[in-house]
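Below is one structure, written out as C-alpha cells; comments come after it.
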Amino acid sequence: MVGPDVVIEKCDLFTGDWVPNPSGPTYTNESCPLIEGHQNCMRNGRPDSGYLHWKWKPRDCQLPRFNAERFLELTRNKAWALIGDSISRNHVQSLLCMLATVERPVEVYHDEQYKSKRWHFASYNFTVSNIWSPFLVKAAVFEDNDGVSTAEVQLHLDKLDKTWTDLYPSLDYMIISTGKWFLKAAIYHENDTEVGCHICPGKNLTELGFVYAYNKTLHYVMDFIANSKHKGLIFFRTSTPDHFENGEWHNGGSCPKTTPAKEGEVEIKDLSRILRNVELEEFVKAAAKAADNGVNLKLLDFTNLLLMRPDGHPGPYRQFQPFAENQTAVVQNDCLHWCLPGPMDFWNDVIMEMVVRG
C-alpha cells in the first residue's frame, strides 16, 4: 500500500484549473472592513459577480478550503509578514479578511506613509505585518501615489533594505516577493558608485537593463536568506501577471473579461515571463544552499494560477462608481491588482496546506 507521504510528495498545488464554486467567497466587502478602496470592486460598482464563483483545484490532489480557525491555532504566538510591493499589500488584505471571519484584528502599527502596517489577533497573540519594500534592496523613489515619476529610482543593488532585514530575525513566517518595480527607469549603484541604469537617456551611463538589476538583487536576497540560519518558514513568491489589453496602465489598457481562461488561452507577456525566469533561476540556486543550512525556504509559484484569471482585476472599478455621471467616461483601468474578494483568496488555501505540511 502506498503511504500518504508518497501521495503528498507527488502533489503539485500550483498546476490545476479554476472550477465552478457555487458557494462563493467566505467574506464580502460588507463583512470585511479591511479592503482598500482600489480593490473593493463590489463597493465600487462592478456589475458582474461571476468572477466570485470559481475555486482553484489542483489536478492531482485535494486542496482543503482555508480554515481560518485552524490557521489561527497553528500560528498562535507567532508573527507573519508579507514583504514586498502593492501585490503583497493586496494579499495581506485577502488573508486578514479570511481570518476576520473568526476574529477581527486590531491595527497596532503603521509607518508615516501608511505603507507598512501590523495587525494583532488578541485571542491568539498572533501578528500579521505588511512590510513595504518594493525592491527588497535600498532604493530612493521619486513618484506620487499614482505612480507618476519625477526622476529615476536610485537603486543600491548591494544593500538590502533594512525595512525588512531589521525585522527578519523576529518573524516566524514570511512571504517575500518583488517584481514589477524593476521595470521602472532606474540608476544602479554598487559600492556607492553609479554603475549603469535602465532607461536613462542623456545620463552618460551604461544601459544595463532591468534583468541585470533583478538578477543581482534576487541573488543577494536569496543568499541572505539561505545563509541566515533562520528557523521559521520562508516563502518566496513569484511575481504576478497583469492582463492589460490594447495598452498599458498609463495609456488606456483595459481588462474586460468576465470569466477565467483555460490553460493555454492566455499567453504570459514577455516582461512577466522574463521576471519569472529570473525568480525561478535564483530560487533554485538558493534552495539547495538553504537546505544545507537548515533554512526552510519554499516557493509559491502563483504565476500560472493567476494568469488564467483575466476576469479578477478591478479594471475601471478601482474607483468608486466610475460611470455614475457618464456611461462612456474614459477612466484609468487597473489590470494588475486583484478584486477582493477574488482569485487571490485561493492563495491562502495553498499557503495553509503548505504550512500544515511544514
Side-chain angles (χ1 to χ4, degrees), residues 25-43 65-134 136 145 161-178 230 232-237 240 300 302 314 337-356:
T26 57
Y27 68 92
T28 69
N29 64 316
E30 287 174 346
S31 70
C32 183
L34 299 156
I35 306 170
E36 283 186 15
H38 289 326
Q39 279 91 55
N40 199 337
C41 304
M42 296 161 101
R43 188 209 65 175
R65 285 307 311 267
F66 184 83
N67 181 328
E69 201 163 343
R70 187 172 180 213
F71 185 94
L72 288 164
E73 280 297 345
L74 285 169
T75 53
R76 187 180 286 279
N77 302 320
K78 303 285 191 205
W80 265 81
L82 283 74
I83 301 163
D85 57 21
S86 57
I87 300 293
S88 289
R89 192 165 68 221
N90 202 168
H91 182 205
V92 87
Q93 296 164 50
S94 163
L95 179 61
L96 290 172
C97 283
M98 291 177 85
L99 295 175
T101 59
V102 172
E103 180 179 320
R104 187 72 57 85
V106 176
E107 188 182 308
V108 291
Y109 166 81
H110 63 78
D111 63 2
E112 273 181 45
Q113 281 96 28
Y114 288 80
K115 296 262 194 190
S116 292
K117 294 182 180 181
R118 188 177 310 117
W119 294 265
H120 186 240
F121 290 81
S123 308
Y124 297 88
N125 188 30
F126 168 58
T127 60
V128 178
S129 300
N130 179 213
I131 301 170
W132 176 256
S133 182
L136 302 177
N145 285 336
D161 181 3
K162 284 181 172 300
T163 314
W164 71 274
T165 57
D166 284 355
L167 292 168
Y168 179 85
S170 66
L171 299 167
D172 300 291
Y173 298 89
M174 65 197 95
I175 302 174
I176 298 175
S177 61
T178 179
H230 197 284
L233 175 53
I234 303 157
F235 292 106
F236 176 73
R237 176 177 63 68
T240 58
L300 292 174
F302 288 133
H337 300 97
W338 302 88
C339 289
L340 295 177
M344 187 176 261
D345 295 327
F346 289 90
W347 284 11
N348 302 319
D349 294 28
V350 172
I351 289 162
M352 178 157 181
E353 183 65 7
M354 290 176 78
V355 168
V356 168

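Quick caveat: nothing in here was measured; it's all calculated off a predicted structure.
Annotation: side chain of Glu69 is in contact with side chain of Tyr124 (closest heavy-atom distance under 4.5 Å). With contacts defined as side-chain heavy-atom distances shorter than 4.5 Å, the pair Lys78/Leu233 does not qualify. Side chains of Val128 and Tyr173 form no contact here, defined as non-hydrogen atoms less than 4.5 Å apart.
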- [ ] Could you walk me through whether Tyr27 and Met98 pass side chain to side chain contact (heavy atoms under 4.5 Å, CB included), step by step?
- [x] CA-CA 7 Å; Tyr27 68 92; Met98 291 177 85; 3.7 Å; yes
Quiz prompt | Test side chain to side chain contact (heavy atoms under 4.5 Å, CB included) applied to Ile87 and Arg237, step by step | solution = CA-CA 11 Å; Ile87 300 293; Arg237 176 177 63 68; 3.5 Å; yes
- Message: Pair Ile175, Ser88 - check side chain to side chain contact (heavy atoms under 4.5 Å, CB included), show working.
- Response: CA-CA 8 Å; Ile175 302 174; Ser88 289; over 6 Å; no
Begin with the C-alpha distance, continue with both residues' side-chain angles, and end with the deciding distance and a verdict on side-chain hydrogen bond (donor to acceptor under 3.5 Å, both in side chains) for Asn348 and His91.
-> CA-CA 9 Å; Asn348 302 319; His91 182 205; 2.8 Å; yes
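Ring geometry for Trp80 against Phe71 counts as tilted: the plane angle lies between 30° and 60°, on a 0 to 90° scale. Note on ring orientation: taking the six-membered ring where Trp is involved, the planes of Trp164 and Tyr168 are perpendicular (angle over 60°, cut-offs 30° and 60°).
Residues Asp85 and Trp132 approach most closely at C-CZ3, 3.5 Å, considering heavy atoms.
Going from atom CD1 of Ile131 over to atom OG1 of Thr165 covers 9.5 Å, rounded to the nearest 0.5 Å.
Between Glu73 and Arg76 there is a salt bridge, since a side-chain N of the basic residue sits under 4.0 Å from a carboxylate O of the acidic one.
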